[in-house]
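Quick note: numbers below take in every heavy atom, side chains included, and nothing from hydrogens, waters or symmetry partners. Along the sequence shown, the residues carry numbers beginning at 1.
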Amino acid sequence: MTGNSGAMTSGVRAGGWGHAGRAVQGPPPPLPFLFVVLVAAPGTRTCPTVQPNMLNVHLLPHTHDDVGWVKTVGQYYYGVYNNLQHAGVQYILDSVISALRAEPSRRFVYVEMAFFSRWWHQQTNATQQAVRELVRQGRLEFANGGWVMNDEAATHYGAIVDQMTLGLRFLQDTFGDDGRPRVAWHIDPFGHSREQASLFAQMSFDGIFLGCVDYQDKELREKKQEMELVWRASASLQPPTADLFTGVLPNVYDPPRYLCWDRLCDDKPVVDDPSSPEHNTKGLVDYFLNLAATQHQSYRTNHIVMTMGSDFHYENADMWFKNLDKLIRLVNAQQQAKGSRVHVLYSTPACYLWELNKANLTCSGPATSPAGRPSSAMRGSQEVCKQLEALAGPAANVGPYGSGDSALLEEAMAVLQHHDAITGTSRQLVAEDYARRLAAGWGRCKVLLSNVLARLSGSQEAFSICPELNISVCPLSQTSARFQVAIYNPLARKVDRMVRLPVSAGAFLVKDPSGHAVPSDVLLLPQPEGQKPRPELLFSASVPALGFSIYSVAQVFPEKPKVHRARPSPEKSGSFVIHNEFIRAMFSHETGLLTQIEVTDQKLMLPVNQTFFWYNANTGVLQNDQPSGAYIFSPDGMQPLPVNSSAQIRLLKTPLVQEVHQNFSAWCSQVVRLYCGQRHLELEWTVGPIPVDDKWGKEVISRFDTPLDTKGYFYTDSNGREILKRRRNYRPTWNLTQTEPVAGNYYPVNTRIYITDGKKQLTVLTDRCQGGSSLQDGSLELMVHRRLLKDDRRGLGEPLLEKKSWVRGRHLVLLDAVGKAAAGHRLLAEKEALAPQVVLAPGRATRYHPGATLRKQFSGLRRALPPSVHLLTLAHWGPDKLLLRLEHQFARGEDSGRNLSSPVTLDLLNLFSTFTITHLQETTLVANQSRASASRLKWTPNTGPVPLPSVPPLDSTTITLQPMEIRTFVASVQWKEDCLGPAPHGRPG
């Protein structure tokens with residue numbers, strides 16, 4: 001997807017609690033919880049003294065520094081282009097450290113490691129030592145600690161874990177346990193997902209504080225004093241593994257009105273000189289005391305919190321701290337002398353949470369809760385890079401192709417998880433900077449990939465990766481009569497995959513790694529009028545677990561080369577069918593649209609009508625109208641308009657694939673595809689550039705209509721993991737006043753959405769995060785593209801109006817009996833998230849070294865993992881150390897037919913082929929603590945104590961995974977030279 005045209009719509013992104021004023025899904029029914037302190041919290045010895053018989057107002061000085069938004073990451077850091085937005089992060093950190101050193105009572109909260117790590121490496125040894133002391137004293141506290149504050153809707157759980165690991169490892173390496181954050185701090189993401197809370201709990205956070213919540217939910221919670229609760233974030237993991245204290249901040253993350261003392265604010269400073277005509281302390285203190293009393297009515301302990309900071313505040317920290325110093329002195333000294341029962345103090349999120357934990361607070365918490373721009377392809381490439389670096393060891397980083405590593409791409413991908421990056425809510429110039437970072441990181445990975453492929457295959461080639469294969473562009477395959485195709489599979493089980501490559505005209509012979517010919521087809525695909533048909537080579541490849549297969553391709557010249565063309569369907573009425581051994585898909589001759597899907601081996605049939613529509617975007621012309629924009633999906637009316645009532649069609653049938661090419665308009669087309677042996681229907685759609693000459697902004701959807709009686713329910717995934725049940729026009733914890741009947745029912749769809757009548761289930765998998773819904777029974781829709789005329793007045797100052805923006809993506813459609821559906825969509829989603837990496841070479845190889853053994857096939861595993869187990873992470877962690885994460889990818893009770901929801905025991909002894917594990921240390925999810933020694937603040941429901949799950953004993957060979965469990969290990973390893981071979985001398989010329 002190009003530019004800012006994020007199909008994921010803001011305001012519905014998190015599906016959980018959205019930004020004030022937006023109607024999105026809230027948390028489900030409450031479970032009562034009693035807060036009981038059981039152990040002392042680490043680090044709380046550094047917290048300030050509170051007054052037990054007073055109302056303690058915890059002031060939290062902080063800055064929120066977006067890692068790209070209106071300006072690029074570098075522009076924000078250095079403070080350039082302040083005409084766009086005044087912000088300079090390096091000056092913020094300089095000023096804050098100076099202010100903290102000047103007065104020992106002051107405290108500060110910092111979050112974004114993408115900025116802090118850059119600043120840290122630019123400091124003198126003396127400054128670094130001073131900062132270490134501030135951290136040790138608890139006066140500079142890191143909250144969250146990820147590389148960025150990631151979005152919670154458009155992000156995949158694997159990418160969340162990666163970016164948090166990157167930031168938290170920097171803190172652990174730099175400050176040790178003193179720098180480890182105890183509290184998650186998600187104050188600006190536009191809503192909150194259940195899976196994010198579950199991940200934070202597994203990262204060993206004591207709690208989370210939220211800023212943006214649904215305004216109706218917040219109003220009710222304020223009235224019922226339920227702004228602080230315990231979130232049970234998984235239905236599969238044994239409590240309290242995924243239980244997380246959750247606090248809703250009173251004012252998003254801004255300071256109270258009239259109490260903002262930053263250079264970006266206009267509020268009057270505290271004038272405490274009685275002789276000055278500007279003296280204002282009495283009115284200011286009275287206002288503050290009234291504010292504290294009012295806020296206290298919504299909370300249930302004698303502790304409340306006020307955030308003192310906002311976007312890019314504290315560039316002149318003295319302005320803030322000098323006024324806060326005065327406020328604290330005036331309230332504590334003068335007012336308490338007059339009988340006030342309010343005590344004000346500098347504090348931090350961890351210290352505030354510690355006091356709540358001691359307060360024996362009784363409140364409620366939800367049992368479950370509802371829960372882009374980049375597709376999953378780049379994350380898959382990142383995993384390939386990390387895996388190969390781990391499998392080959394040091395030989396990956398320095399070899400015949402130069403120096404390469406995964407670090408730069410890891411940082412770029414971490415930045416992309418920021419809540420204004422992956423969501424499409426940054427300016428176009430910032431989006432281009434994100435793309436530049438990805439390209440630079442991928443460049444380093446390509447060198448690494450070449451080094452590893454050469455060493456593992458035993459031959460040096462001019463390896464070539466074609467980044468535009470999705471639009472059938474690959475110079476090497478299109479200009480070569482002979483070449484090789486290396487396919488790397490990042491999954492821990494064998495994969496069979498259809499490979500498509502653009503080629504020159506003619507016929508081709510494809511041979512597998514053993515030299516045997518494999519079936520292949522050359523397809524001539526339709527092109528826009530006036531252009532020649534484009535030939536593509538299609539063949540089926542089989543690739544071992546965590547390994548590669550190398551296929552050879554050669555042009556041949558038979559007397560009658562067989563080329564398959566897409567042709568118009570000969571019949572003009574009735575219906576026509578594409579099919580394979582499992583699926584029959586029926587289409588109407590009159591309209592060219594899909595009308596029915598049949599699964600032959602399950603004897604299932606379902607009428608399904610699929611086509612494209614567009615919502616007319618609100619332009620905000622009328623008073624109080626909200627325009628659609630980067631943040632807000634605001635259609636002008638509930639009923640979308642069809643792109644076309646019919647499609648021009650061409651039909652292509654070969655032994656390997658059957659396709660229906662549908663052309664709806666000059667800017668909207670689709671290929672409905674069914675490969676041999678495939679149990680799903682593939683819909684590859686191309687949309688854009690969207691025309692707006694009619695002055696109508698358009699938000700384009702793909703909609704599936706069926707007769708299923710779904711009773712208002714539908715289901716979406718949460719960050720690609722657990723599945724959440726949705727209900728149209730409903731919130732479980734309050735009586736919803738629905739003000740947005742379309743957008744208010746949209747939810748983030750990271751990987752899948754489905755509807756069911758209890759017998760049949762129709763599932764649609766996506767290749768990127770999109771907004772989705774079921775606005776009427778039996779129907780589901782996904783937003784695929786947007787082009788808008790107006791900015792939505794949320795600070796970006798730029799409409800989504802790129803002239804050349806077009807999108808190509810895929811929806812995978814599964815029809816299953818309900819009992820078999822989970823196995824289908826779980827395993828298919830895994831394959832799509834980590835699709836094989838295709839690498840081409842001209843086939844003119846030289847040996848890696850004179851005695852090298854040539855390999856056409858390789859596996860990094862000695863045995864494949866069972867289908868319910870996913871290898872989430874295999875990555876370099878240090879000299880002779882690797883990071884290993886294994887997860888059970890099925891939920892409890894989700895699949896009984898194949899027993900895929902049962903616990904799985906694995907033997908890790910000799911599992912990997914290129915290295916031996918000599919020692920395993922189990923850690924928390926982000927590998928910054930030993931699991932055995934990690935502890936969190938503990939909370940007990942009033943239904944009775946929840947026994948803590950014991951840490952399973954770890955021997956050197958065997959681990960057990962429970963449903964939805966992720967286990968993380970730091971492995972000490974020895975690489976096997978007999979598998980890798982010795983390094984060569986010199987580089988190729």
Side-chain angles (χ1 to χ4, degrees), residues 9-33 151-153 184-198 200 207-233 243-254 294-295 297-300 304-305 307 356 361-371 419 626 631-633 712 716 718 724-748 771 773 794:
T9 54
S10 295
V12 298
R13 280 194 297 222
W17 304 336
H19 205 278
R22 307 176 197 172
V24 296
Q25 178 72 27
L31 290 176
F33 276 76
D151 186 66
E152 296 193 31
W185 183 255
H186 265 214
I187 55 174
D188 199 28
F190 320 108
H192 306 282
S193 79
R194 188 178 76 168
E195 191 60 36
Q196 179 79 61
S198 175
F200 276 146
I208 183 174
F209 288 100
L210 311 177
C212 302
V213 303
D214 186 285
Y215 72 102
Q216 294 181 40
D217 186 18
K218 185 177 181 182
E219 287 175 1
L220 184 62
R221 289 188 178 278
E222 287 175 331
K223 291 177 183 177
K224 297 172 67 176
Q225 293 188 319
E226 292 181 352
M227 296 284 279
E228 289 160 336
L229 56 139
V230 168
W231 195 343
R232 179 149 293 164
D243 290 356
L244 188 68
F245 171 88
T246 304
V248 180
L249 295 171
N251 198 36
V252 189
Y253 58 87
D254 292 328
T294 300
Q295 184 177 318
Q297 295 174 6
S298 300
Y299 293 82
R300 300 182 67 186
I304 61 173
V305 65
T307 46
L356 295 181
L361 173 66
T362 303
C363 69
S364 61
T368 57
S369 183
H419 56 269
Q626 168 63 58
Y631 284 91
I632 304 294
F633 171 33
T716 66
S718 180
L724 300 177
K725 187 176 185 178
R726 314 294 194 180
R727 182 177 171 186
R728 196 164 54 249
N729 294 324
Y730 175 78
R731 304 295 184 264
T733 55
W734 77 92
N735 292 324
L736 174 67
T737 300
Q738 183 60 277
T739 59
E740 295 286 345
V742 178
N745 285 302
Y746 255 62
Y747 293 88
S773 187
R794 288 299 183 272

Candidate pair Arg728 and Gln738, rule side chain to side chain donor-acceptor pair (under 3.5 Å), full reasoning: CA-CA 10 Å; Arg728 196 164 54 249; Gln738 183 60 277; over 6 Å; no
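- Contact check for Trp734 versus Glu219: no side-chain heavy atoms found under the 4.5 Å cut-off.
- Of all the heavy atoms in Asp151 and Ala153, the pair that sits closest is OD2-N, 2.9 Å.
- Using the six-membered ring where Trp is involved, Phe245 and Phe209 have ring planes that are perpendicular, over 60° apart on the 30 and 60° scheme.
- Under the 3.5 Å distance criterion, the side-chain polar atoms of Glu222 are left unmatched by any main-chain donor or acceptor of Ser298.
- Using a 4.5 Å heavy-atom threshold, the side chains of Lys218 and Met227 count as touching.
- Atom CH2 of Trp231 and atom CG of Asp243 lie 12.0 Å apart (nearest 0.5 Å).
- A distance-only check finds a donor-acceptor pair linking the side chain of Ser718 to the backbone of Glu195 [under 3.5 Å].
- Although no hydrogens or angles enter the test, the distance criterion places a donor-acceptor pair under 3.5 Å between the side chain of Gln216 and the main chain of Thr737.
- For the atom pair CG (Asn735) and OH (Tyr730), the distance works out to 9.0 Å, reported to the nearest 0.5 Å.
- When all heavy atoms of Tyr746 and Ser773 are compared, the pair lying nearest together is CD1-CB, 3.6 Å.
- Using a 4.5 Å heavy-atom cutoff, the side chains of Thr733 and Glu226 are not in contact.
- Between the CG atom of Leu210 and the CG atom of Asp188 there is a distance of 12.0 Å, given to the nearest 0.5 Å.
- Annotation: side chain of Arg194 is in contact with side chain of Leu724 (closest heavy-atom distance under 4.5 Å).
- Rounding to the nearest 0.5 angstrom, the gap separating the CH2 atom in Trp185 from the OG1 atom in Thr307 is 6.5 Å.
- Note that CG of Leu736 and CG of Asn745 are 8.0 Å apart. Values are rounded to the nearest 0.5 Å.
- Note that the CD1 atom of Ile187 and the NE2 atom of His419 stand 8.0 Å from one another [nearest 0.5 Å].
- Between Tyr299 and Gln225 the shortest heavy-atom distance is O-NE2, 3.1 Å.
- At distances below 3.5 Å, not a single donor-acceptor pair connects side-chain atoms of His186 with backbone N or O atoms of Cys212.
- The two atoms that bring Ala197 and Ala233 nearest to each other are CB-CB, 3.7 Å, heavy atoms only.
- Exactly one of Val305, Val213, Asp254 qualifies for a side-chain contact (heavy atoms from CB on, under 4.5 Å) with Leu249. That residue is Val305.
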